[in-house]
Amino acid sequence: MPLDTGDTAFIIICTALVMLMTPGVGLFYGGMVRSKNVISMIAMAFISFAIVSIQWVTVGYTLSFGSDISGFIGGLDYLCLTGVGLDGDGIPDMLFMVFQLVFAGITLAILTSGVAGRIKLSSFMVFGVIWTTIVYDPLAHWAWGGGWAGELGALDFAGGTVVHISSGFGALALALVIGNRSGFGKYSMEAENITMTLLGGALLWFGWFGFNAGSALAADGLAVNALVVTNISAAAGALTWMAASWIKGKPSSLGLISGAVAGLVAITPASGFVGPMSAIVIGGFAGILCYSALLFRVRKGLDESLDAWAVHGMGGFWGAIATGIFASAAVGGVDGLIYGNTHQFLVQLIDASAAMIYAFVMTYVLATVIDKVMGLRVTDEEEYVGLDISQHGESTTA
Amino acid sequence: MPLDTGDTAFIIICTALVMLMTPGVGLFYGGMVRSKNVISMIAMAFISFAIVSIQWVTVGYTLSFGSDISGFIGGLDYLCLTGVGLDGDGIPDMLFMVFQLVFAGITLAILTSGVAGRIKLSSFMVFGVIWTTIVYDPLAHWAWGGGWAGELGALDFAGGTVVHISSGFGALALALVIGNRSGFGKYSMEAENITMTLLGGALLWFGWFGFNAGSALAADGLAVNALVVTNISAAAGALTWMAASWIKGKPSSLGLISGAVAGLVAITPASGFVGPMSAIVIGGFAGILCYSALLFRVRKGLDESLDAWAVHGMGGFWGAIATGIFASAAVGGVDGLIYGNTHQFLVQLIDASAAMIYAFVMTYVLATVIDKVMGLRVTDEEEYVGLDISQHGESTTA
Amino acid sequence: MPLDTGDTAFIIICTALVMLMTPGVGLFYGGMVRSKNVISMIAMAFISFAIVSIQWVTVGYTLSFGSDISGFIGGLDYLCLTGVGLDGDGIPDMLFMVFQLVFAGITLAILTSGVAGRIKLSSFMVFGVIWTTIVYDPLAHWAWGGGWAGELGALDFAGGTVVHISSGFGALALALVIGNRSGFGKYSMEAENITMTLLGGALLWFGWFGFNAGSALAADGLAVNALVVTNISAAAGALTWMAASWIKGKPSSLGLISGAVAGLVAITPASGFVGPMSAIVIGGFAGILCYSALLFRVRKGLDESLDAWAVHGMGGFWGAIATGIFASAAVGGVDGLIYGNTHQFLVQLIDASAAMIYAFVMTYVLATVIDKVMGLRVTDEEEYVGLDISQHGESTTA
Amino acid sequence: MKTVKAVIRPEKLEDVKAALEEKGYFAMTVTQVKGRGAQKGICLQYRGTQIKVDMIPKTEIEMVVGDEDVRPIIEIIRTSARTGKFGDGKIFVSPVEIIAAIRNDDEIVSE
Amino acid sequence: MKTVKAVIRPEKLEDVKAALEEKGYFAMTVTQVKGRGAQKGICLQYRGTQIKVDMIPKTEIEMVVGDEDVRPIIEIIRTSARTGKFGDGKIFVSPVEIIAAIRNDDEIVSE
Amino acid sequence: MKTVKAVIRPEKLEDVKAALEEKGYFAMTVTQVKGRGAQKGICLQYRGTQIKVDMIPKTEIEMVVGDEDVRPIIEIIRTSARTGKFGDGKIFVSPVEIIAAIRNDDEIVSE
Ligand SMILES: Nc1ncnc2c1ncn2[C@@H]1O[C@H](COP(=O)(O)OP(=O)(O)O)[C@@H](O)[C@H]1O
Ligand SMILES: Nc1ncnc2c1ncn2[C@@H]1O[C@H](COP(=O)(O)OP(=O)(O)O)[C@@H](O)[C@H]1O
Ligand SMILES: Nc1ncnc2c1ncn2[C@@H]1O[C@H](COP(=O)(O)OP(=O)(O)O)[C@@H](O)[C@H]1O
C-alpha cells in the first residue's frame with residue numbers, strides 16, 4: 001500500500017492533538033495544587049515532553065519498535081532514527097514514530113501526580129529519562145512492538161496498559177518512595193485554581209480524540225468507532241462520578257472532569273474493539289470505580305496527590321479488563337467475555353497485571369535508587385515556600 | 001461512493017474542533033460573570049456536552065435523522081445507534097452521527113447564557129435533556145433530516161437556525177421565565193475575568209472552522225469556501241462592533257470578541273452559499289446589529305445575562321436572511337435576492353421565523369413547567385453566595 | 001493534478017491550527033506584562049488578526065502572490081480575490097490563500113512585543129494595516145510569490161525570513177522609535193501571569209505543527225519531516241535555554257518556554273530541508289543564541305519588551321543560516337554547507353540579511369512617520385494606569 | 001485623626017464611592033477580603049443537612065480622616081451600603097496619630 | 001474595644017477558625033497578605049549562594065472585640081496556629097473607638 | 001508601639017523593601033490594595049470628555065515597630081517611594097498595644 005494522503009493528514013493532526021494533551025495534563029494538575037506549586041506542575045509537563053522528545057528520537061523509538069529481542073525489548077536498528085523513512089504503508093514510518101513519541105511524552109507527565117509539590121527538579125529530569133527508557137519503552141514494545149503481550153493476543157488499542165497502567169501505578173510507587181507532602185491530612189490542600197483544571201480537562205478531552213481515533217493509524221471506520229466510543233465513555237464517566245459525589249455531598253466540577261478523564265482512560269484500550277453501547281457501561285463504571293479508588297486512597301492517608309493512580313492506574317486496569325469483556329468481533333475482529341470468549345478475558349487480565357506489576361516494581365526501585373544517589377525530595381524549607389520559587393525562581397502573583 | 005480517507009480524516013478532526021467549542025463557550029461565559037459563578041458556567045458547558053452526548057446516541061440522533069414522520073420529526077430507526085454503520089458514502093454514517101452530536105452539545109451550552117448565576121443545577125440537567133429532545137432534535141430534523149424546512153428549500157449550511165436561532169431565542173425565553181439576577185441593574189455585574197473570555201473566544205473562533213467547513217461533510221472546495229468566509233465574517237464583525245463601541249466610548253476587548261462571535265454566527269448558515277466579499281458585509285453588519293440588540297436588551301432591563309439572544313439569536317436570524325440575500329449559485333448552487341431570487345429570500349424568512357417561534361415558545365413552556373414542578377431557580381441565599389459554592393461546593397479562590 | 005481530499009483536509013486543519021497561534025501569541029505576551037496591560041496584549045493579537053484578515057483578502061494576497069512585478073511585489077490580478085478559485089492542484093487556490101492569510105496575521109501579532117504597554121491603539125491599527133502592506137507583503141512575495149529571493153534559490157520553508165526575521169527586527173525598530181516604558185530598568189516589570197504565558201506557549205507549540213508541516217502544502221513525507229524536526233527543535237531549544245539559565249541561577253519556566261519558541265522559530269525555514277539529527281543542533285543552538293540575545297538586549301537597556309527581536313529576529317536569522325548549513329538533498333532536494341554547498345549558504349545569508357535590513361528600515365521609517373502624524377505613544381498618565389483601562393476601558397480585576 | 005474602616009458588600013462599592021464623592025470624600029484605600037459576622041455566615045439547606053458558608057467575599061474601605069468627618073462618613077456609608085439584610089457589614093473607627101504624605105513633606109500629627 | 005490582628009500561616013486558617021468558633025468567636029475579616037518577619041524570610045541553599053525568599057504568603061485575621069476577649073483570643077490563636085517554627089506569625093492588638101453596624105443603627109462607642 | 005502603614009506605588013515596593021532592609025527594618029506585612037487620593041484619581045482625556053480612573057492599584061506595607069522607629073521609617077519610605085508626582089501615597093501611624101508572637105509566648109505590651 002502506498003502513502004495515503006488522507007491517512008497521513010489524519011495522523012499528523014492527531015499527533016498535534018496528542019501533543020496538546022501534555023500541557024493539558026500540566027494545567028489539569030496545576031489547578032489542583034496550591035498556587036505556590038502551579039508553575040512547577042505545568043513546567044514538569046513541558047519538561048517531560050521535551051526530554052522524552054529527545055530520548056525517543058535517539059533511543060526510545062528503537063527500544064520500543066526495533067526488531068524484537070526475546071519478546072522484551074526492541075533492538076537498536078532505529079538508533080537515532082536511522083532507517084526510519086518518509087515513506088511507508090498508508091502513512092510514513094516517520095509519522096508512526098512521532099505519533100508514538102507524543103504518547104511517551106504524556107505518560108511521563110501523568111506520572112508527576114505522585115510527586116506534586118515536593119520533587120527536586122534535577123532529580124525528576126534524571127528520573128524521567130531513565131523511567132521512559134526502562135519502564136515505558138519495554139511496555140510499548142510488549143504491546144505494540146512485537147513483544148510478548150502482543151504475541152499472546154493481548155488487546156490494547158491506544159495505550160491502556162502502556163500509557164495509563166504504567167503511569168498510574170508508577171505514580172503510586174513514586175508517591176510511596178517520596179512520601180506525603182508535609183502537612184498532608186493535617187491541613188487543607190484544596191485545589192486553588194479549578195478553572196485551570198477545567199481548561200486542562202477540556203484540552204485532554206479534545207486531544208483524546210486524536211489519541212484514540214489516531215491509534216487506528218488510518219482515517220477509516222475503526223478510527224470513527226474509536227472517536228465515538230471515546231466521547232461516549234467520557235460523557236458517561238463524567239455523569240456517574242458526578243452522581244456518585246452528589247450522593248455524598250455536592251456535585252463538584254472537579255468530580256465531573258475527573259470522571260470524564262476516568263471514562264477516557266477506561267475506553268482507551270477498548271476503543272477499537274467495543275461498540276457505543278458498551279462504551280456507556282465502560283465509562284459509567286469507570287467513573288464510579290475511580291471515584292471509589294480516590295476515596296480509598298484518601299482514607300489510607302496516601303498522598304498520591306493528583307490521583308493518577310485512582311484515575312489512570314485503576315481506570316486503565318478496568319479498561320484492559322473491560323476490553324476482554326465487551327470486545328465485539330463486529331468492531332475489531334475479536335470477541336470478549338460477553339460473547340463467550342473467556343480466553344481473551346484471561347489474556348487481558350494477565351497483560352494488565354504484568355504491566356501493573358512491572359511498572360510498580362521498576363518505578364519503586366528506580367525512585368529508591370535515585371533518592372539514594374541524588375535525593376528525590378526538596379528540603380522542608382523549599383517545600384514550604386513552594387516549588388515555583390524554590391525550583392524555578394518564579395511565582396504566580398509577582 | 002466508497003469511504004474517502006481525506007474526507008473521513010477531515011470530519012473526524014472537525015468533530016474534535018467543534019467539541020472544543022463547548023468548553024470554549026464555558027470559558028467565554030465564565031469570564032463574563034462575577035467570580036462566584038465562574039465554575040458554574042464552565043461546569044454547565046461540560047454538563048451540557050455530557051448529557052447531550054448520551055441523549056444523542058440513544059434517542060437524539062434517531063429523532064433528528066431517522067426516517068421522516070410528517071416533516072416534523074425522525075422515526076426510531078436508529079434508536080441506540082442500531083443500523084448506524086462504520087461505512088457510508090465518503091464518510092462513515094457513524095461519523096456523520098458524531099459530527100452532529102457535537103452540534104447538539106454546544107447548542108445547549110449556549111443556552112446557559114439566559115440563566116447565568118441563578119439556575120438550580122438539577123433543574124438545568126432535567127431541562128437540558130428534555131430541551132434537546134423536544135426543541136433541538138425537531139429543528140435539526142426540519143433542516144437536515146428530511147423535515148419540512150429542508151423540503152421547502154430553506155438553506156442552513158451549518159446551523160444558523162438549528163444551533164443559533166434555537167439557542168438564542170431559547171435563552172431569551174429562559175431568562176424571561178427565571179427572571180433577572182437579584183440586584184440586576186442596581187449594581188455592577190461586570191465581567192470579572194476578561195482574559196478567560198478572550199481565551200474562550202479564541203477557542204470558539206478556532207473551533208468554528210471545523211463547525212462551518214466541516215459542514216461540507218467533505219474536504220472539498222465547498223469546505224474551503226466555508227473556511228474562508230467564516231474567517232472573513234469573524235474579522236469583519238470584530239472590527240465593526242469595536243468601531244461602534246468606540247464611538248460610544250472605548251473599544252473594549254469584550255466588544256471585539258463579541259463582534260467576532262456575532263460574525264461567526266451570522267456566516268454559519270451562509271458559509272456554503274456566499275462568497276468572500278459578501279462575507280465582509282454579512283459579518284460587518286452582524287457586528288453592528290448584535291451590538292445594537294445588546295444595547296436594546298440592556299435598555300429594556302432584561303437580564304438575558306450573556307447575550308445569547310443578541311449575538312446568537314439575532315445574529316443567527318440575520319445570517320438566515322443574509323443567506324437568502326447574498327447566496328450565489330457560483331458557490332452553492334442557489335442564488336439569493338441580489339441575484340434576483342426573491343423566492344429564496346422568502347423561504348429563508350419563513351424558516352428563520354418558524355425556528356424562532358418554535359424555539360421561543362417551546363422553551364418558554366418547558367421552562368415554566370419545570371419551574372412549577374421542581375423549581376428553576378436557586379434561593380436568594382444560594383444566589384448571593386454564588387452557584388460555585390451553592391451548587392458545586394467549590395470556589396475559585398480557595 | 002486534481003484536488004486531493006487528504007491534502008485539502010490537511011491544509012484546512014493546518015490553517016485552523018495556525019489561526020490559534022495568534023491568540024496564542026496574545027496569551028504568551030499577555031502573561032509577561034504587568035496585569036494592567038494584559039488585556040491590551042491579547043486584544044492587540046486579535047486586532048492584528050482581524051485587520052490583516054480583511055487586508056489580505058482585499059489587497060494583501062494579490063500584492064504577495066499576484067503576477068510578479070520586477071521581483072519586488074505582486075500585481076493586482078487577485079484584487080479582492082478575483083480569480084482565486086475553489087479548485088486547484090492538490091488543494092484549492094482559495095485554500096492556499098487562506099493558509100497564507102493566517103501567516104500574515106500572526107506576524108503582526110508578534111510585532112506587538114516592541115510596543116507592549118505604551119502604544120496608542122488607534123495608531124497601532126493604522127500602523128498594522130500599512131506595515132502588512134509595505135513590509136510583510138513584499139517579503140512574502142520575495143520568498144514565495146515569484147520574487148527575487150525565491151528566484152535566487154533562497155530557501156524558506158515556512159517563513160523564517162517572511163514571518164520571523166520581519167517581525168523580530170520590526171519589533172526592534174518599533175521599540176527604538178517608541179522608546180522604553182517609563183520606569184524601565186528602574187523598577188521591576190516582571191511577568192505577572194506566568195501560567196498564561198505557559199498556556200500561550202502550549203498553543204504556539206501545537207499550532208506550529210500546522211505552520212511548518214502545513215507548509216508542505218500536502219499531506220506527504222515532506223510534511224511529516226517538517227512535523228518531526230519541528231518538535232525536536234522545540235524540545236532541544238527548551239532544554240538548552242533552561243540549562244543555560246540554570247547555570248546563571250534558576251531554570252525558570254519562562255526560560256523553558258522561550259527556548260521552545262526559539263527552537264520553533266529556528267527550525268521554521270529549515271523544516272522541509274533538514275533531518276531529525278540536524279534539528280537537535282538547530283534547536284539546541286537557538287536556545288542558547290536567543291537567550292544570549294535576550295541578555296544582551298537587557299544589558300543594553302533596550303526595552304524591546306517581550307523579546308520578539310531576541311527570539312524571532314535572531315532565532316529566525318539563525319534558522320535561515322542553519323538551513324544553508326544543514327540542508328540535505330535527501331530531505332528537500334538541496335544540500336547545504338555541511339554537504340559542501342557553499343553557494344546555498346551564501347544565498348541564505350544574502351536573503352536573511354536583505355529581509356532583516358528591509359524589515360528594520362521600513363518599520364523604523366513607518367513608525368517614525370506615524371509617530372509624527374498621529375502619535376505612536378500614549379500619554380504618561382495613560383501608560384501609568386495601563387493600556388487595559390486607558391485604551392480599552394477594561395480591567396482584569398474588576 | 002481617625003481611620004474609618006468599613007467592611008461592605010462588594011456589589012455596594014460603587015454606590016458607596018459615589019455617595020462619599022458627592023459629599024467631597026475622595027481619598028480611600030480598598031481591599032478585597034473575606035469575612036463572617038456574628039451570624040456565622042450563610043446557611044444553605046442541602047439535602048436535609050445544613051451547609052454553612054462562612055468566609056463570604058467582602059470589600060474593605062479604609063479612610064483616614066479628621067475627627068469631625070467620622071460621623072458624616074459613617075452615616076453616608078450606612079445609607080449607601082445598607083440592604084437591611086444580614087451581611088451588610090460593619091464600620092470600625094480607630095485613632096491615627098500621624099498622616100504623612102510621600103510625594104512631599106506634608107504631615108499632620110494629631111494633637 | 002480592641003482590634004486583634006493576627007498574621008498566620010495560610011494552611012492554619014481552618015484550624016484557627018475552628019478553634020475560635022468553638023469558643024464562640026465568629027466574626028472576623030480575613031485578608032491574603034505576604035510578609036516577612038525579623039528572620040528576613042527563608043533562606044534556600046542554592047548552588048553555594050544563598051537565595052533569600054522573603055514575602056511569604058500569609059493570612060491575616062482581624063477581629064474587633066471587647067477588651068475582655070483579647071486575652072482569650074490571643075491564647076486560642078496561639079494554640080491553634082503554632083507550629084513552633086519560624087514563620088508562625090504575630091498578633092497585634094490596637095484600640096478601636098467605635099463599632100457601627102451597617103444593617104441597622106446599632107453602635108458601640110468605647111467609653 | 002506603633003503600626004506604620006504606608007500606601008505606595010506597587011512598582012516602588014522593591015526599592016522600599018531594600019531601603020528598609022539596609023537600615024535593619026525587616027518585618028513587614030504587604031497587601032495588594034486599590035486606592036484613590038484627594039486628587040480623585042487620574043484623569044484621562046478621552047474624545048473631549050474626561051474619564052476619571054480612580055481606584056489605582058497600590059501596595060500597602062504595614063510594620064509594627066517601637067515608638068522610636070517611627071520617624072526613621074517614615075523618612076526611609078519617603079525617600080525610597082517618592083517620585084514627586086501625584087499618587088505617591090501616604091503613611092499613617094496608629095497606636096498598638098500588644099505584640100504577641102505565635103511561635104512562642106513572647107509578648108510586648110505597651111506601657
Ligand atoms: N467583630 C468583627 N471583627 C472583624 N470583622 C467583622 C466583625 N464583625 C463583622 N465583621 C466583618 O463584616 C462582615 C459582615 O458582617 P455582618 O454584617 O455581621 O455579617 P453576617 O451577616 O455575615 O453576620 C463580615 O463578613 C466580616 O468581614
Ligand atoms: N513587626 C511586624 N510588622 C508587621 N508584620 C509583621 C511583623 N512581624 C511579623 N510580621 C508578619 O508576620 C509574619 C510572620 O512573622 P514571623 O513569625 O516573625 O516570621 P519569620 O519566620 O518570617 O520571621 C511575617 O511574614 C509578617 O507578615
Ligand atoms: N485619607 C486617606 N485614607 C485612606 N487612604 C488614602 C488616603 N489618602 C491617600 N490614600 C491612599 O494613598 C494612595 C495615594 O494617595 P495620593 O498620593 O494622595 O494619590 P492621588 O494622586 O491618587 O491623590 C491612594 O490611592 C489611597 O490608596
Side-chain angles (χ1 to χ4, degrees), chain E residues 1-9 12-13 15-16 19 29-43 52-62 65 67 70-97, chain F residues 1-8 10-35 57-67 69-70 73 76 80 92-111:
Chain E
M1 291 151 305
K2 304 291 179 206
T3 176
V4 180
K5 194 186 255 190
V7 182
I8 62 169
R9 297 175 187 274
K12 285 290 183 183
L13 177 61
D15 292 354
V16 173
T29 299
V30 172
T31 315
Q32 299 310 320
V33 300
K34 297 200 165 189
R36 63 182 184 192
Q39 289 73 30
K40 312 173 197 179
I42 288 178
C43 280
K52 203 180 66 206
V53 182
D54 51 9
M55 299 297 123
I56 311 276
K58 297 280 172 190
T59 294
E60 186 183 288
I61 300 177
E62 190 161 1
V65 293
D67 295 4
V70 169
R71 290 266 38 122
I73 286 177
I74 291 179
E75 291 322 314
I76 295 167
I77 294 176
R78 269 187 169 149
T79 318
S80 54
R82 182 175 292 176
T83 70
K85 284 189 271 183
F86 287 129
D88 273 357
K90 292 274 184 298
I91 304 173
F92 308 117
V93 180
S94 333
V96 169
E97 296 169 357
Chain F
M1 290 151 306
K2 304 290 177 204
T3 176
V4 180
K5 195 186 254 190
V7 182
I8 62 169
E11 61 267 29
K12 284 291 183 184
L13 177 61
E14 290 306 317
D15 291 353
V16 173
K17 266 167 53 187
L20 286 165
E21 216 170 297
E22 207 178 295
K23 302 289 176 194
Y25 300 109
F26 296 101
M28 63 170 69
T29 299
V30 172
T31 315
Q32 299 310 319
V33 300
K34 297 199 165 188
K58 297 280 172 190
T59 294
E60 187 182 289
I61 300 178
E62 191 161 359
M63 309 179 75
V64 178
V65 293
D67 294 6
D69 295 323
V70 170
I73 286 177
I76 295 167
S80 54
F92 308 116
V93 180
S94 334
V96 169
E97 297 169 357
I98 306 178
I99 304 185
I102 294 179
R103 176 163 50 88
N104 52 32
D105 290 336
D106 284 359
E107 218 168 287
I108 317 180
V109 181
S110 88
E111 61 278 18

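Proteins get letters first, then strands, A, B, ... in listed order; numbering begins at 1 in each.
Nearest heavy atoms, E:R36 versus F:Y25: NH2-O, 3.9 Å. Contact between F:A101 and E:K90 at its shortest, heavy atoms only, is CA-CD, 4.1 Å. In terms of heavy-atom proximity, F:P95 sits nearest to E:P95 at O-CD, 3.6 Å.
Side-chain contact check for F:I102 versus E:I91: some heavy-atom pair is nearer than 4.5 Å. Side-chain contact check for E:R82 versus F:D105: some heavy-atom pair is nearer than 4.5 Å. F:T29 is listed as a side-chain neighbour of E:E60, based on a closest heavy-atom distance under 4.5 Å.
Atom CD of F:Q32 is separated from atom CD of E:Q32 by 12.0 Å, given to the nearest 0.5 angstrom.
Heavy atoms of E:T31 lying under 4.5 Å from chain F belong exclusively to its side chain. Only the side chain of E:R71 comes within contact range of chain F, with heavy atoms under 4.5 Å apart. The part of E:V70 that comes within reach of chain F is its side chain, from C-beta onward, which places non-hydrogen atoms under 4.5 angstrom from that chain. For F:D106, the part sitting under 4.5 Å from any heavy atom of chain E is the backbone (N, CA, C, O) and nothing else. At a 4.5 Å heavy-atom cutoff, the contact between E:K2 and chain F is made by side-chain atoms alone.
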